[in-house]
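Every heavy atom of this structure was used, including side-chain atoms; hydrogens, water molecules and symmetry mates were not. Chain letters run A, B, ... following the sequence lines, proteins first, then strands; residues in each count from 1.
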Amino acid sequence: MCGRYTLHAHPDVVALLFGLSEVPAYQPRFNIAPASQVLIVRRDQERNVAAQVRWGLVPRWAKDPSIGARMNNARAETVAQKPSFREAYRKRRCLIPASGFYEWKAEGGRRQPYYVYPAGAELFAFAGLWERWQGPHLSLETCAIITTEANAKMAPVHERMPVIVSPADYPAWLTGGEVPLKPCADEAIGIRRVSRAVNNARVDHAGLVEPEAG
DNA sequence: CCAGACGTTGTT
DNA sequence: GTCTGG
DNA sequence: CCAGACGTTGTT
DNA sequence: GTCTGG
């Protein structure tokens with residue numbers, strides 16, 4: 001799955017790679033957790049546009065937006081059918097820029113975090129969905145990250161991983177085209193063991209992505 | 001018909 | 001909103 | 001994803 | 001055990 005990630009590229013780099021005329025100012029982040037505001041790229045009137053939305057998709061029909069806490073990920077295998085995601089899958093897709101992501105592996109009773117980063121690229125673009133929810137007193141924009149089976153390189157650490165869209169597929173994904181939601185190539189990622197300090201979602205500093213022995 | 005769910009992951 | 005279960 | 005809470009009453 | 005908050 002994908003329950004924590006990082007984004008520490010300069011906003012100008014994000015603008016260049018995603019064809020954006022503006023990107024909201026943001027601080028580098030090394031421990032982005034569900035329920036926080038995250039940067040997404042979506043299609044708006046034939047242009048790519050960045051926005052900050054809450055991670056945890058709240059379906060349009062939800063009576064209580066706290067349901068979003070359980071909608072951080074959507075399975076690629078079923079995203080087109082599930083009531084919570086299918087409308088967004090057809091009409092409200094997004095790309096989610098990331099410098100890397102964390103996955104935990106059970107190691108002798110403990111859960112050990114690993115950091116996965118792009119090999120030969122500056123950023124990942126996760127396949128995502130977004131939604132707009134309107135309550136009586138509150139309106140919310142939210143998103144979810146689509147996951148798929150792990151590729152061979154990830155598999156020893158974790159059996160799922162986020163869908164990573166290649167730059168050639170950005171336009172098709174954002175405009176509702178057919179893009180296979182498959183794991184990326186083994187060569188596209190690097191993996192390293194990192195400190196368990198990342199477990200605490202309130203901790204956020206560059207040291208979290210540094211390699212740890214073991 | 002109405003009531004109730006609508007999700008993923010990891011662990012057992 | 002829409003589908004499944006009762 | 002992990003960490004941390006999980007409750008009510010009455011008073012300030 | 002399960003839910004909420006970060």
*Asks:* Base, sugar-phosphate, or nothing: which does A/E159 touch, judged by heavy atoms less than 4.0 Å apart?
*Replies:*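 Sugar-phosphate, backbone atoms only, no base.
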*Asks:* Show me the donor-acceptor pairs, under 3.5 Å and distance only, between side chains in residues 29-41 of chain A and residues at least two apart or in other chains.
*Replies:*
residue, atom, partner, partner atom, Å
A/R29, NH1, A/Q37, O, 2.8
A/R29, NH2, A/S36, OG, 3.3
A/N31, OD1, A/R4, NH1, 3.1
A/N31, ND2, A/V198, O, 3.1
A/N31, ND2, A/N200, O, 3.1
A/N31, ND2, A/V203, O, 2.8
A/S36, OG, A/A33, O, 2.5
A/Q37, NE2, A/Q52, O, 3.4

*Asks:* Between D/dG4 and B/dC6, how far is it from one P atom to the other, in whole Å?
*Replies:*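 After rounding to an integer number of Å, I get 29 Å for this pair.
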*Asks:* Which atom names give the shortest non-hydrogen contact between A/R196 and A/P113, and what distance separates them?
*Replies:* CG-CD, 3.6 Å
*Asks:* Measure all distances between protein nitrogen or oxygen atoms and nitrogen or oxygen atoms of nucleotides 3-8 of chain B, and list the pairs falling under 3.5 Å.
*Replies:*
residue, atom, partner, partner atom, Å
B/dC6, O3', A/S84, OG, 3.1
B/dG7, OP1, A/P83, N, 3.4
B/dT8, OP1, A/R75, N, 2.9

*Asks:* Using atom P in both nucleotides, what's the gap between E/dC3 and B/dA5 to the nearest angstrom?
*Replies:* 11 Å
*Asks:* Looking across every strand, which nucleic acid part, if any, lies under 4.0 Å from A/R196 by heavy atom: base, sugar-phosphate, or nothing?
*Replies:*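 No contact.
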*Asks:* How many Å lie between CG on A/N31 and C1' on D/dC1, as a whole number?
*Replies:* 9 Å
*Asks:* Given the P atoms of B/dA3 and D/dT11, what is the spacing between them in whole Å?
*Replies:* 42 Å
*Asks:* Quickly work out the A/R4 CZ to E/dG5 C1' distance and round it to whole Å.
*Replies:* 11 Å
*Asks:* If the threshold is 4.0 Å, N to carboxylate O, is there a salt bridge linking A/K105 and A/E107?
*Replies:*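 Judged by the 4.0 Å cut-off on N to carboxylate O distance, A/K105 and A/E107 do not form a salt bridge.
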*Asks:* Between E/dT4 atom P and A/D64 atom CG, what is the distance in whole Å?
*Replies:* 8 Å
*Asks:* Mind calculating the distance between CG (A/L208) and C1' (D/dC2) to the nearest angstrom?
*Replies:*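 From A/L208 CG to D/dC2 C1': 13 Å.
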*Asks:* Can you give me every donor-acceptor pair (side chain of residues 116-135 of chain A, partner residue at least two apart or in another chain, under 3.5 Å) with its distance?
*Replies:*
residue, atom, partner, partner atom, Å
A/E131, OE1, A/R60, NH1, 3.0
A/E131, OE1, A/R92, NE, 2.8
A/E131, OE1, A/R92, NH2, 3.1
A/E131, OE2, A/R92, NH2, 3.1
A/R132, NE, A/E141, OE2, 2.7
A/R132, NH2, A/E141, OE2, 2.5
A/W133, NE1, A/A62, O, 2.8

*Asks:* In whole Å, what separates the C1' atom of E/dT2 from that of D/dT9?
*Replies:*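 Straight-line distance between the two C1' atoms is 26 Å.
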*Asks:* Suppose the criterion is ring-ring contact (aromatic ring centres under 6.0 Å, His included): which pairs have a residue in residues 69-92 of chain A, not counting sequence neighbours?
*Replies:*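 The answer is none; no pair qualifies.
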*Asks:* ring-ring contact (aromatic ring centres under 6.0 Å, His included): which pairs involve residues 171-194 of chain A, sequence neighbours left out?
*Replies:* none
*Asks:* Output a table of donor-acceptor pairs, distance under 3.5 Å, between side-chain atoms of residues 5-20 of chain A and any protein atom two or more places apart or on a different chain; print 'none' if there are none.
*Replies:*
residue, atom, partner, partner atom, Å
A/T6, OG1, A/G100, N, 3.2
A/T6, OG1, A/Y115, OH, 2.7
A/H10, ND1, A/D12, N, 2.9

*Asks:* Without decimals, in angstroms, what is the distance between A/Y89 OH and C/dT2 C1'?
*Replies:* 19 Å
*Asks:* Looking only at atom P, what distance separates B/dG7 and E/dG6, rounded to whole Å?
*Replies:*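 Approximately 26 Å lies between the P atom of B/dG7 and that of E/dG6.
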*Asks:* A/E107 CD to D/dC2 P: how many Å, rounded?
*Replies:* 13 Å
*Asks:* Side-chain atoms of residues 205-214 of chain A: list all donor-acceptor pairs with protein atoms under 3.5 Å, sequence neighbours left out, distances to 0.1 Å.
*Replies:*
residue, atom, partner, partner atom, Å
A/H205, ND1, A/G207, N, 3.1
A/E212, OE1, A/R193, NH1, 3.0

*Asks:* Partners of A/Y114 by ring pair (Phe, Tyr, Trp, His ring centres under 6.0 Å), sequence neighbours excluded?
*Replies:*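 Expected list: none.
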*Asks:* With pairs defined as Watson-Crick or G-U wobble and both distances under 3.5 angstrom, please note down DNA chain B as a dot-bracket string, | for pairing with another strand.
*Replies:* ||||||......
*Asks:* What pair of heavy atoms forms the shortest contact from A/R47 to A/S21, and how long is it?
*Replies:* NH1-OG, 4.3 Å
*Asks:* From C-beta outward on A/W104, which listed nucleotide comes closest to its side chain: D/dC1, E/dG6, C/dC3?
*Replies:*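 Side chain of A/W104 sits closest to D/dC1.
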*Asks:* Send over the distance from A/N199 CG to B/dT9 C1', rounded to a whole Å.
*Replies:* 15 Å
*Asks:* Given atom CD of A/E77 and atom C1' of B/dT9, what is their separation to the nearest angstrom?
*Replies:*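 Distance, rounded to whole Å: 13 Å.
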